[in-house]
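Everything below concerns the one structure shown next.
These values consider heavy atoms only, across backbone and side chains, with no hydrogens, waters or symmetry-generated copies. These numbers come from a predicted model, not from an experiment. Start at 1 and go down the list; that is how both ligands and their atoms are numbered.
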Amino acid sequence: MSTSVLQQLREIVGSEHLVDEPEITASYAVDFTGRFVGHSSAVVRPGDAGEVAAVVAVCKEGGVALVPQGGNTGLVGGGVPLGGEVVLSLRRLAGVTDVDPLAGQLSAGAGTTVADIRAAAAGAGWAYGVDLASRDTATIGGTVATNAGGLQVLRHGPTRAQLVGFEAVLGTGDIVSHMGGLTKDNTGYDLGGLLCGSEGTLGVLTAARVRLVPVSPERVTAVLAFSSTTAAVDAASLLRRSLPELQSLELFLQSGLDLVCRSTGASPPFGAAHRAYLLAEAAAQHDPAPTMAAVFDSIGAIEDVAVATEPAQRARLWRYREDHTVAINALGAPHKLDVTLPAPALATFVDRVPDVVGDADPDAVTWLFGHVGDGNVHVNVTGIEPDALTVDDSVMRYVAELGGSISAEHGIGTAKRPWLHLNRSDAELEAFRRVKAALDPAGILNPNVLLPPEG
Ligand code: MLT
Ligand code: ZN
């Protein structure tokens with residue numbers, strides 16, 4: 001990057017918000033897992049949409065590539081400067097700017113954390129329908145850019161289903177804003193829906209308006225044990241059918257539970273070991289416990305059950321599932337292969353994929369957990385080098401063979417670009433490229449993400 005571009009960026013955001021000290025820029029250049037490590041000569045921290053637009057315009061003019069970054073909680077290398085790009089940090093655009101209790105909506109700057117969105121919603125007598133383990137760090141801008149899923153997709157849908165307004169700076173440098181939040185608004189292309197999940201390749205989200213959902217104050221959390229994956233998957237289907245109050249339905253296995261207990265010092269939920277576990281949470285205006293208990297009674301395959309209604313006990317059960325991420329990370333940078341399977345293939349996939357991984361690399365160790373209510377399995381693989389691709393290749397191909405998606409909720413990022421063609425036709429990829437060329441004509445926005453390299 002030329003000194004003139006650097007100087008212009010400094011003038012836009014102010015010296016204190018143009019970071020070029022290597023020891024600080026380095027902290028923006030590595031992802032949460034440690035698998036993706038890049039480098040950057042500068043981190044720009046604009047304070048409003050106008051400054052973001054000015055930064056994009058200068059970089060477009062100078063042919064300087066940018067990587068937009070929120071809380072840097074992504075898991076596919078989509079938010080780190082792998083090619084030496086300038087990091088465009090949106091964290092200063094933090095704050096809930098408008099809460100409308102009448103409509104059940106709120107607006108917030110891109111740098112607002114999901115936890116702060118959830119707190120603002122609660123303060124207005126509503127709830128936000130997206131929740132995820134990284135809630136304290138993940139930002140609304142990042143979760144919109146990746147169409148983040150999380151723990152309540154089953155009930156409320158992914159982030160795209162919450163988005164009712166957006167403000168963004170396109171790669172052209174133009175600010176586009178449609179923050180009205182009208183539920184019915186058929187006035188042309190759904191630009192917000194397109195930017196959502198575009199992983200910073202078309203525009204930089206600067207603000208979002210989201211719908212809120214009714215509060216469900218009565219909650220019951222349960223961990224159920226099964227002797228086979230098939231029994232757990234069948235029970236998951238029955239729970240979805242019979243329990244409209246169901247909000248989360250998660251899967252983990254004995255090996256993951258053992259790892260979590262070893263790494264956190266927690267005692268296991270049951271005296272005996274089991275093959276598979278479901279964590280089910282029901283939430284409603286009225287106590288869902290009696291209905292839940294009746295449904296559990298009808299599932300003969302349940303081998304053991306732990307039920308909690310008190311917040312501390314519910315949190316204890318959740319930790320068996322949520323602590324998987326950190327416990328696996330502690331083993332060394334994992335390959336995180338987040339995939340969805342069609343329901344009939346789900347149990348087979350869970351049972352077979354460790355062999356697929358082992359055939360690709362005998363040193364690899366597979367850890368499986370995920371959002372079984374959405375058909376979403378997180379295949380985590382440790383014991384292999386960050387840049388080794390044989391395991392990823394085998395798993396991606398196996399997923400596609402079974403009719404699944406190679407990315408359920410984490411996005412394509414840099415990690416899965418080589419396999420996007422398994423889920424998208426040439427015609428679709430060409431359409432993607434044309435959209436990219438129209439909204440980011442200089443190709444400066446996150447150029448190493450999502451679209452497969454050409455040629
Ligand atoms: C989760 O479901 O816990 C998140 O997607 C993070 C992860 O996959 O590790
Ligand atoms: Zn997840």
Handout entry: Set of residues satisfying salt bridge (charged side-chain N to carboxylate O under 4.0 Å, His left out) with respect to Arg135, sequence neighbours excluded
Key = Asp131, Glu322

Exercise for the section: First locate atom CG of Asp374, then atom CG of Leu251, and finally report the distance between them rounded to the nearest 0.5 Å. Expected result: 12.0 Å

Practice task
Run the salt-bridge test on Asp393 and Arg397 with the 4.0 Å N-O cut-off and return the result as yes or no.
Solution key: yes

Practice task
Report the distance from atom CG of Leu445 to atom CG of Asp440, rounding to the nearest 0.5 Å.
Solution key: 4.0 Å

Practice task
Compute whether any side-chain donor of one residue and acceptor of the other, for Gln105 and Asp98, lie under 3.5 angstrom apart.
Solution key: no

Completion exercise
Note, the Zn ion (ligand 2) has protein N, O or S atoms under 2.8 Å numbering 3

Distance-only donor-acceptor hits, side chain of residues 220-228, under 3.5 Å, sequence neighbours excluded:
from   : atom 1 : to     : atom 2 : distance (Å)
Thr221 : OG1    : Glu281 : OE1    : 2.6
Thr221 : OG1    : Arg314 : NE     : 2.9
Ser228 : OG     : Ala231 : N      : 3.0

Handout entry: Any donor-acceptor N or O pair under 3.5 Å, side chains Glu167, Thr206
Key = yes

Fill in the blank from the handout: Within the heavy-atom cut-off of under 4.0 Å, ligand 1 is lined by Leu75, Arg321, Thr325, Lys336, Phe369, His371, His378, Glu409, His410

Practice task
Run the salt-bridge test on Asp392 and Arg35 with the 4.0 Å N-O cut-off and return the result as yes or no.
Solution key: yes

Problem - Validation row, ring centre Phe349 to ring centre Tyr398 under 6.0 Å - result: yes

